[in-house]
Amino acid sequence: MDPFVRLNRAEVAAGHPVTDPVHSAQDLAVIRLMAAALRHALENLLPGERPVTLRLPDVEAQPHHVVVTDDQVLRQRRDLAFVGFFAHRRVGLDFGPLEAVDDELILEFPRHPGIISYGSLRLVEGNWANLIMLDPPAARDHWRTSAKHAYAARELAPHYYAVVRLHNGYFPGGLISADAPVIARTAYYDYQGPAPWRAERWLG
């Protein structure tokens, strides 16, 4: 049985407002801001050991940092894949264990060479957005082979998050191109019911 409910381009699933396409438009605007900050940082990034962690200029006065593992690929003028992660945190929880696992996952990056950068931005409402740049796109599947990543997705996400939007897309002509990023698929995870609910929307 297919575990994902299939949504058409404009559909909002009954009882699951996380699937409203307006959220994807807002997420895409955040992705563009994060990409612009990373693009600016690349202009001044000096040669040296990678990965390197950068604190980027604040986006709307919110903390923004990125781990760069391959800035040479980020500078290339060809399509580059991305994953955008947007989650709404549950209220009143200690997020220390989740943040510790996130730090451990970053340490695994050298084992997943297709991850060329990983950015985190705190949003105004207190949630976080992640922008992961990939090359090739299949690096996303390799990342899923991480036991720690699987644990975070299977065990931690339902406990700490109410809903999640996970966007797969690409930057036409690369990160440094003037073309806007494109979302090809969005997966939705709603953990507020007695069992996790999942849906997906393909946009091309």
Side-chain angles (χ1 to χ4, degrees), residues 9 21-87 102-103 105-124 127-146 149 164-187 200-204:
R9 181 174 291 269
V22 70
H23 296 306
S24 291
Q26 294 167 347
D27 294 347
L28 192 59
V30 172
I31 289 170
R32 294 183 71 172
L33 287 173
M34 295 178 72
L38 176 56
R39 189 161 49 241
H40 177 74
L42 290 175
E43 296 175 358
N44 303 300
L45 185 60
L46 298 175
E49 186 177 350
R50 302 290 185 265
V52 60
T53 301
L54 307 173
R55 191 184 189 285
L56 302 189
D58 293 347
V59 177
E60 297 183 347
Q62 298 300 314
H64 183 196
H65 68 271
V66 63
V67 179
V68 175
T69 61
D70 194 332
D71 47 298
Q72 296 303 315
V73 174
L74 286 171
R75 292 186 174 95
Q76 293 181 8
R77 292 186 176 274
R78 57 183 176 84
D79 293 1
L80 289 178
F82 75 84
V83 171
F85 178 87
F86 292 79
D102 188 57
D103 291 340
L105 285 169
I106 290 174
L107 294 177
E108 284 191 5
F109 283 177
R111 293 163 46 190
H112 304 277
I115 299 176
I116 54 179
S117 73
Y118 176 91
S120 293
L121 169 68
R122 190 172 70 187
L123 303 176
V124 174
N127 294 310
W128 288 83
N130 297 127
L131 175 62
I132 304 96
M133 300 295 298
L134 306 163
D135 183 65
R140 179 178 63 248
D141 298 322
H142 193 274
W143 179 231
R144 290 172 180 158
T145 65
S146 163
H149 179 268
V164 171
R165 292 183 300 277
L166 192 64
H167 306 293
N168 298 135
Y170 63 97
F171 283 81
L175 182 72
I176 60 176
S177 169
D179 292 334
V182 175
I183 294 176
R185 173 186 180 266
T186 298
E200 65 178 356
R201 188 193 322 271
W202 287 89
L203 298 173

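Side-chain atoms are counted along with the backbone in the values below, which use heavy atoms only and exclude waters and symmetry mates. Residue numbers count from 1 along this sequence. Here the structure is a predicted model, which is why all the values come from computation and not from measurement.
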(request) Can you see which heavy atom on Pro63 is nearest to which on Arg55, and at what distance? (result) CA-NH2, 4.3 Å

(message) Do Val73 and Met133 have side chains that approach each other closer than 4.5 Å (heavy atoms only, starting at C-beta)?
(response) no

(request) Assess whether side-chain contact (heavy atoms from CB on, under 4.5 Å) is satisfied between Leu166 and Thr186, documenting all intermediate values. (result) CA-CA 6 Å; Leu166 192 64; Thr186 298; over 6 Å; no

(request) With sequence neighbours excluded, tell me which residues meet side-chain hydrogen bond (donor to acceptor under 3.5 Å, both in side chains) with Arg50. (result) Asp71

(request) Would you check if the side chain of Arg77 reaches a backbone N or O of Ser177 as a donor-acceptor pair within less than 3.5 Å? (result) no

(request) Report, as yes or no, whether the 6.0 Å neighbourhood of atom CZ on Arg78 holds more than 12 heavy atoms from other residues, nucleotides or ligands. (result) yes

(message) On a heavy-atom basis, which atom in Pro172 and which in Asp79 lie closest, and how many Å separate them?
(response) CA-OD1, 3.3 Å

(request) Hey, could you give me the CD/CZ distance between Gln26 and Phe86, rounded to the nearest 0.5 Å? (result) 10.0 Å

(request) Check whether any side-chain heavy atom of His64 sits under 4.5 Å from a side-chain heavy atom of Leu38, and report yes or no. (result) no

(message) If I take atom CD1 from residue Ile176 and atom CZ from residue Arg39, how far apart are they, to the nearest 0.5 angstrom?
(response) 8.5 Å

(request) Flag the pair Phe171 / Leu74 as yes when at least one side-chain heavy-atom distance between them is below 4.5 Å, and no otherwise. (result) no

(request) List the atom of Ile31, the atom of Phe82, and the distance in Å for their closest heavy-atom pair. (result) CD1-CE1, 3.6 Å

(request) Would you check if Val164 and Phe85 make a side-chain contact, meaning some heavy-atom pair closer than 4.5 Å? (result) yes

(message) Going by the rule side-chain hydrogen bond (donor to acceptor under 3.5 Å, both in side chains), which residues pair with Asp27 if we only count those two or more places apart in sequence or in a different chain?
(response) Arg165, His167

(request) Determine the minimum heavy-atom distance between Val66 and Ser117, stating which atoms define it. (result) CG2-CB, 4.2 Å

(request) Would you give the length of the straight line joining atom CZ of Arg75 to atom CD of Glu43, rounded to the nearest 0.5 angstrom? (result) 9.0 Å

(request) Kindly compute the distance separating CG (Asn130) from CE (Met34), expressed to the nearest 0.5 Å. (result) 6.5 Å

(request) For Ser24, enumerate each residue passing the side-chain hydrogen bond (donor to acceptor under 3.5 Å, both in side chains) test, keeping only those at least two apart in sequence or located in another chain. (result) none

(message) Testing Asp102, Thr53, Thr69 one by one against Tyr118 for a side chain to side chain donor-acceptor pair (under 3.5 Å), which residue passes?
(response) Asp102

(message) Could you measure the distance from the CH2 atom of Trp128 to the CG atom of Leu123? Nearest 0.5 Å is fine.
(response) 9.0 Å

(message) Quick check: do Val67 and Val52 have side-chain heavy atoms less than 4.5 Å from each other?
(response) no

(message) Test your reading of the model: is there a side-chain donor-acceptor pair from Asn168 to the backbone of Val83, 3.5 Å cut-off?
(response) no

(request) Indicate the atoms forming the closest heavy-atom contact of Ile116 with Leu134, along with that distance. (result) CG1-N, 4.0 Å

